[in-house]
2 protein chains.
Amino acid sequence: MRELCLPLGLTEEELQRLDDLVSNRRRLKRGDRLYSFGAPFDAIYAIRSGFFKTDVLLEDGREQVTGFQMAGELLGLDGISSEHHTCNAVALEDSEICAIPFSRLEVLSREIHTLQHHFHKVMSREIVRDHGVMMLLGTMRAEERLAAFLLNLSQRFTARGFSHADFYLRMTREEIGSYLGLKLETVSRTFSRFQEEGHIAVQQKHVRILDVAGLKALMNYRG
Amino acid sequence: MRELCLPLGLTEEELQRLDDLVSNRRRLKRGDRLYSFGAPFDAIYAIRSGFFKTDVLLEDGREQVTGFQMAGELLGLDGISSEHHTCNAVALEDSEICAIPFSRLEVLSREIHTLQHHFHKVMSREIVRDHGVMMLLGTMRAEERLAAFLLNLSQRFTARGFSHADFYLRMTREEIGSYLGLKLETVSRTFSRFQEEGHIAVQQKHVRILDVAGLKALMNYRG
DNA sequence: CGGTTTCTTGATTGGGATCAATAGGAGTGG
DNA sequence: CCACTCCTATTGATCCCAATCAAGAAACCG
C-alpha cells in the first residue's frame, strides 16, 4: 500500500504524522456509497481494500461512470474545487477506506515537501488518466475500447501483486459499458468476439487473458 | 485576469511575490506550440491573452483534442505527474502567456496558504471539467454535444466580459469534432441544422446564439 | 490573384444502438 | 437444501445516427 500511495524518503517522524492523518478508517459493504453528488467535501479517501466506481448522473437519468478505483488509489479529488462532491463513489465490493481530512492534508503538505509534491503528482496523474479516457471515448472503436480497458485492469492488478491474466471483474457489463461509452449488449458481444478469436476466456465476471499481444494489436489499427 | 486566476484576500506583500512568480512572459504566434508531448516539465502557464488547444495523439495519427483554453486559464498541469508533458499545447491565435516555474510555485504555496488552496482548487476543477467531457463523449448525441460546447464557450466568453451571444470560433470544424468525438462533416451539418431551427446564426467561424433556451433544451432530452 | 485550407452539402455505408427473447447465477427465505 | 425471484449476461434481428466517400464552394493567405 505504502509504495503505491505514499511518497518515499520520509523520516520516521514524518511517517508517524502521516499515519495519524490517515488513521480514520471506515468499512463499506457492496453497494454502499462513500459519498454522493452534492455532499459537502471535507476529506479525500485512500482505498485500503476493495473496489469502487465513480459516476456522474444527468438529470434525465443517463449515467457516466468516470472511473474504477482499487486499493492504493484516491477518491474524492473532485470535491476540492467547489467544496462539494461532484460525483458519486460506490463500493463494488466490501471495502475499507481511510478518510484523510483535507484541511489537515494541506497543513501537513506545507511542512513535508515531499508530501506536497506527491499530492500534486497524484492530482496531475488523475488529469492525465482522464485525457486517456477522452481519447478512448472520442476516437476508439468498441473493440479498441474494451481491449484498452482489459489491459489497463490487468496492469493495475499486476501492480498490486495479483495475476495479470486471471481476474474477476467487480463491475457489471452495464457499468463497463457506461465507462466505455457503449451499451451493455455491445460489451457482451465484444467479449464473446474476443473469446472466439482466442484473445481471452470469459465466463460471466471471470476473465482470463490469453493473448496480451493480440489485445494490444487490436488497439492501434482500424479494421 | 486577477479575478479569474488568482486567489482573493492577499496582502500587498504577497501580491508582490506572486507578481514576481509570473513575471516570465512569452508571446506565441498562431500555430506555435507552447509545449509538446514528451517535453520536460518545469513550468505551468497562465494565459494572459489568446486561445489554445491541447491534444493527444495516438501512434496511428488519430488526434483527441482534450480542451480549449482562453485568457485566465492554466496550461501544463498534465506535466506534473511524470515531469514530462503528456499532451501538446498549440496557440490557435496570437497569444501571450506567463510561465510559472513549478518548483517556485510549490515553495510559495507552502508560505501563502490561500495560494496553496487556490492551486488545489484549480487542479480539482480541471478534473471536474474532464468528467463533464467524459459525460459528453460517453452519453450524448451529436446535437447535445455541440449545444453543450456552444453554451460552454458562451459562458466562458461572458465571464471575460465578451458577448455571450456573438463570437468568433478560434478552432476549425475538425478541431471541434475531435474535441466532441465527431467528424468534421457532422459538426458542419449540426451547425447548419441549428441554424435552420433558429437556434443560432453561423457563418464560417462567426457564431451568434439566438436562442439559449432552445440550445439548453436540446441537451437533456432524447429525440 | 492562385493555391490551399476550410467549410458545406449530398449519397451511401456501417457500427453500434435498440428491441426482444432466453438463459445463467446469485441471493433470499422457507 | 431447494425453490423462487431478481439481477445479469448472452445472442439474434432490425434500425438509425454518424461515418465515410465525394464534389464543390467559400474564405484565407502569401
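Quick note: numbers below take in every heavy atom, side chains included, and nothing from hydrogens, waters or symmetry partners. Order of the sequence lines fixes the chain letters, A, B, ..., with proteins taken first and strands second; residue numbering starts at 1 for each chain.
- Evaluation of the side chain to side chain donor-acceptor pair (under 3.5 Å) rule for A:R33 yields A:S36, A:N88 as partners, not counting sequence neighbours.
- In this structure, the CZ atom of B:R193 is 9 Å from the C1' atom of D:dC17, given to the nearest Å.
- For residues 164-181 of chain B, every residue pair satisfying the salt bridge (charged side-chain N to carboxylate O under 4.0 Å, His left out) rule, not counting sequence neighbours, is listed here: B:K53-B:E175, B:E93-B:R170.
- Every residue two or more places apart in sequence or in another chain that forms a ring-ring contact (aromatic ring centres under 6.0 Å, His included) with B:F167 is listed here: B:F157.
- One can place CG of B:L169 at 15 Å from P of D:dA27, the figure rounded to the nearest angstrom.
- Atom C1' of nucleotide D:dT11 and atom CD of A:Q195 are separated by 14 Å, given to the nearest angstrom.
- The interatomic distance linking A:L146 (CG) with C:dG15 (C1') rounds to 15 Å, in whole Å.
- Heavy atoms of A:G177 sit nowhere under 4.0 angstrom from any nucleic acid atom.
- Listed by chain and number, the residues in a side chain to side chain donor-acceptor pair (under 3.5 Å) with B:Y45 amount to none (sequence neighbours excluded).
- Under the rule for a side chain to side chain donor-acceptor pair (under 3.5 Å), the partners of A:T54 that lie at least two apart in sequence or sit in another chain are A:T66, A:Q69.
- Rounded to whole angstrom, the span from the OH atom of A:Y168 across to the P atom of D:dT8 amounts to 18 Å.
- In summary, B:E144 and A:R62 engage in a salt bridge, as defined by a charged side-chain N under 4.0 Å from a carboxylate O.
- With rounding to whole Å, A:L182 atom CG is found 16 Å from D:dA9 atom C1'.
- Using modelled atom types, one side-chain atom of A:D32 and one backbone atom of A:K29 make a donor-acceptor pair closer than 3.5 Å.
- Here the P atom of nucleotide D:dT8 and the CD1 atom of A:I176 are 12 Å apart, to the nearest Å.
- End-to-end axis angle of the helix from C:dC1-D:dG30 to C:dG30-D:dC1, using five pairs per end and rounding to 10°, comes to 60°.
- Atom NE2 of A:H206 and atom P of C:dG25 are 13 Å apart (whole Å).
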Practice prompt. Go along nucleotides 1-12 of chain C 5' to 3' and tag each nucleotide: B for a protein heavy atom under 4.0 Å from its base, S when only backbone or sugar atoms are that close, - otherwise.
Written response: -----SSBBBB-
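- In this structure, A:H131 has no ring-ring contact (aromatic ring centres under 6.0 Å, His included) partners at least two apart in sequence or on a different chain.
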Please table the atom pairs, donor to acceptor, closer than 3.5 Å between any side-chain atom in residues 77-87 of chain A and protein atoms at least two apart or in another chain.
residue, atom, partner, partner atom, Å
A:D78, OD1, A:Y35, OH, 3.1
A:D78, OD2, A:T86, N, 2.9
A:D78, OD2, A:T86, OG1, 3.3
A:S82, OG, A:H84, N, 3.3
A:S82, OG, A:H84, O, 3.1
A:E83, OE2, B:K121, NZ, 3.1
A:H84, ND1, A:G38, O, 3.0

